[in-house]
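Comments concern the structure below.
This structure is a prediction, so every number in the text was calculated from the model and none was measured.
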There are 2 protein chains.
Amino acid sequence: MSQGITIGNVSSASGVKVPTIRYYEQIGLLPSPPRTEGNRRSYDATDLERLTFIRHSRELGFEIDEIRTLLSLQDQPNVSCEEADQIASKHLVDVKQKIASLTALQHELERMVEGCSHGRVETCKVIDILADHGKCRFHADHPPHL
Amino acid sequence: MSQGITIGNVSSASGVKVPTIRYYEQIGLLPSPPRTEGNRRSYDATDLERLTFIRHSRELGFEIDEIRTLLSLQDQPNVSCEEADQIASKHLVDVKQKIASLTALQHELERMVEGCSHGRVETCKVIDILADHGKCRFHADHPPHL
DNA sequence: CGTACATCCTCTAGTGACTAGAGGAGCAAG
DNA sequence: CTTGCTCCTCTAGTCACTAGAGGATGTACG
């Protein structure tokens, strides 16, 4: 059926860049495909699906290790999906926290920019607020790796 | 006035970890402090302020290079604060985008988790949505390094 | 058939902002 | 005086890629 797809084609079809595909192979996220006579990687439709799955999961902010688990779950359709549910739920909690944190930050930045006198640094709210922690209403619980 | 503060004390006072302080010195974000006889770093109140400024800026999501600019602005109070204003404004735009993106993501995750049959993987929405891009309402314009 | 050019290969090293650990020296309290 | 904490330097690791060197292969056109 599926004759070989080149890495370039599987890349544009999946939206994952060529070096990233090779990287995924290197870390064992994507199986090593067979090679042609000329040593080029030769992918099939399953690989394309898998790559799309990965790209989509990455877009949704899942980490590589989480994707590894999700992929292995996908390969075993008879297993309970509790684990997948847990991963997604945990992720949802994280996302909600980040939104809350970023919303607070947004207000803080608005306060800074609106308060800016557009004059000299001496009277600038932006610098002022950053320098004096007490004047700030935003306090991150988790230092944001957002 | 200010006799030397140890790195440990300046760390707990500022909320920046000890190795991170040394790292900031290494990349030139924090000036190298004088040393004691025993070769320990000896900080003063100004360093503590600077570190607090840095930590606060990092919490607000500014990058090191942006902080470098903000710090140099702080050192020259007679300069126009336009640049600081621009940095904060640009950052505000980014933050708003991130919030929008994360909110879409949140809905997508909720859809996944709510739709989960709590049964076998075969019928699990979580896996399903990740696998089939067409069923997904969330499409990131900028792959989220959030 | 030749030649240009795109695409592919492997490999190493770099990014940002730290974090972890090894191996050793100084210092304060009991 | 010894125990244990803090400090020192240095190297290497983290995550998820990205960039570039240097070379092989495949394809389109004249």
Counting side-chain heavy atoms from C-beta on, which of dC8(C), dC18(C), dT18(D) comes nearest to T6(A)? dC8(C)
Between dC10(D) atom C1' and Q26(B) atom CD, what is the distance in whole Å? 10 Å
Is D94(A) salt-bridged to K90(A), cutoff N-O under 4.0 Å? yes
Atom CD1 of I21(B) to atom C1' of dT19(C): distance rounded to whole Å? 14 Å
Atom pair distance, as rounded to whole Å: CG in D65(B) and C1' in dT15(C): 12 Å
Considering only side-chain heavy atoms of R58(B), which listed nucleotide, dC18(C), dT18(D), dC7(D), is closest? dC18(C)
Separation of I27(A) atom CD1 from dA16(D) atom P, in whole Å? 8 Å
My understanding is that only residues two or more places apart in sequence, or in another chain, count here; which of them pass side chain to side chain donor-acceptor pair (under 3.5 Å) with Q86(A)? none
Which residues within residues 34-42 of chain A lie with some heavy atom under 4.0 Å of an atom in DNA chain C? R35(A), N39(A), R40(A), R41(A)
For the pair made of CD in E25(B) and C1' in dT9(D), what is the distance, rounded to whole Å? 12 Å
Looking at every non-hydrogen atom in both residues, tell me the closest pair between I127(B) and L70(A) and how far apart they are. CD1-O, 3.7 Å
With respect to the phosphate group of dA17(C), does any side-chain polar atom (N or O) of T20(B) fall under 4.0 Å of OP1 or OP2? no
Please answer: with hydrophobic residues joined when any side-chain heavy atoms are less than 4.5 Å apart, are I129(A) and V113(A) in the same cluster? no
Whole-Å distance between dA13(C) C1' and Y23(A) OH? 15 Å
Atom pair distance, as rounded to whole Å: CD in E66(A) and P in dC15(D): 12 Å
Are there more than 12 heavy atoms of other residues, nucleotides or ligands under 6.0 Å from atom CD of E83(A)? no
Please tell me if Y24(A) has a side-chain N or O lying less than 4.0 Å from either OP1 or OP2 of dA16(D). no
Rounded to whole angstroms, how far apart are CZ on R22(A) and C1' on dA16(D)? 16 Å
For P31(A) and R50(A) the tightest heavy-atom approach is CD-NE, 3.7 Å
Look at atom CD of E25(B) and say whether more than 12 heavy atoms of other residues, nucleotides or ligands are closer to it than 6.0 Å. yes
Would you indicate, yes or no, if dC17(D) has its OP1 or OP2 atom less than 4.0 angstrom from a side-chain nitrogen or oxygen of K17(A)? no
